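This report refers to the structure that appears directly beneath it.
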Amino acid sequence: MSLQNNKFTLKRLKSKNTLDALFSNKNGHNTKSLVLKVLKKEKESFLFAGVSVPKKNFKKAVDRNKIKRQLREGLKKIEHKLHFGGSCMLIYKGKKLPLTSEIIDETESLFFNLKN
């Protein structure tokens with residue numbers, strides 16, 4: 001199998017049906033401040049990803065949007081390391097504003113643990 005066939009492209013998750021399926025699935029993978037919900041599909045060459053920050057933890061939209069940008073940046077940094085297609089949702093559950101480097105490290109560890 002060539003290396004080109006192992007590449008998965010990252011796209012935005014938009015489908016309501018897929019979101020409902022992700023959240024009806026009870027299992028999720030956790031780190032200190034992130035939750036990753038995943039639906040793997042063997043035949044997909046794309047990983048549809050969504051990010052979320054609860055309004056309960058961050059009242060200001062400015063803070064929520066900043067964390068969402070950091071989460072998307074974390075996903076872009078590990079895009080070349082993706083090993084499956086399907087859909088995923090990355091949810092930030094921390095109480096304080098994170099550093100971008102922390103988000104990238106946690107995202108990478110989540111996807112690495114998912115692989116094993």
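Computed from a predicted model, the values in this text were never measured in an experiment.
In terms of hydrophobic clustering, with Ile, Leu, Val, Met, Phe, Trp and Tyr side chains grouped at heavy-atom distances under 4.5 Å, Leu36 and Leu75 are assigned to a common cluster. Linking Ile, Leu, Val, Met, Phe, Trp and Tyr whenever their side-chain heavy atoms come within less than 4.5 Å leaves Phe112 and Leu82 in two separate clusters.
Considering CD of Glu102 and OG1 of Thr100, their distance stands at 9.0 Å, rounded to 0.5 Å. For the atom pair NZ of Lys96 and OG of Ser33, the computed distance is 10.5 Å after rounding to the nearest 0.5 Å. Taken to the nearest 0.5 Å, the CG atom of Leu110 stands 8.5 Å off from the CD1 atom of Ile78. In this structure, the separation between NZ on Lys32 and CD on Glu106 is 6.0 Å, given to the nearest 0.5 Å.
In this structure, Glu73 pairs ionically with Lys77, as a charged nitrogen and a carboxylate oxygen lie closer than 4.0 Å.
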Worksheet item: Is there a side chain to side chain contact (heavy atoms under 4.5 Å, CB included) between Ser45 and Thr9 once you walk through the steps?
Response: CA-CA 7 Å; Ser45 62; Thr9 309; over 6 Å; no
Fill in: Step-by-step side chain to side chain contact (heavy atoms under 4.5 Å, CB included) determination, Tyr92 to Ile103
CA-CA 9 Å; Tyr92 184 76; Ile103 293 285; 3.9 Å; yes
Practice prompt. Under the side chain to side chain contact (heavy atoms under 4.5 Å, CB included) rule, what do Thr107 and Thr31 come out as? Steps first, then yes or no, please.
Written response: CA-CA 9 Å; Thr107 306; Thr31 62; over 6 Å; no
Worksheet item: Going through the checks in order, is the side chain to side chain contact (heavy atoms under 4.5 Å, CB included) test met by Val51 and Ile67?
Response: CA-CA 9 Å; Val51 296; Ile67 296 170; over 6 Å; no
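Nearest heavy atoms, Leu47 versus Gly85: CD1-C, 4.5 Å. Heavy-atom minimum distance, Lys37 versus Asn25: NZ-O, 3.6 Å. The heavy-atom pair separating Ser87 from Thr18 by the smallest distance is OG-CG2, 3.2 Å.
Side chains of Phe84 and Val38 form a contact here, defined as non-hydrogen atoms less than 4.5 Å apart. Counting heavy atoms from C-beta on, the side chains of Arg12 and Arg72 come closer than 4.5 Å. Looking at Leu71 and Leu34, their side chains come closer than 4.5 Å, going by heavy atoms from C-beta outward.
The environment of Lys40 atom NZ is dense: over 12 non-hydrogen atoms of other residues, nucleotides or ligands sit within 6.0 angstrom. With a 6.0 Å radius and a threshold of 12 heavy atoms from other residues, nucleotides or ligands, Lys93 has its NZ atom above the threshold.
The list of salt bridge (charged side-chain N to carboxylate O under 4.0 Å, His left out) pairs with a residue in residues 53-64, not counting sequence neighbours, is empty.
A donor-acceptor pair is defined here as one N or O able to donate and one able to accept, closer than 3.5 Å; no such pair exists between the side chain of Gln70 and the backbone of Leu99.
Its side chain within the 4.5 Å cluster rule, Leu13 clusters with Leu19, Leu22, Phe23, Val35, Leu39, Phe46, Phe48, Met89, Ile91 among the Ile, Leu, Val, Met, Phe, Trp and Tyr residues.
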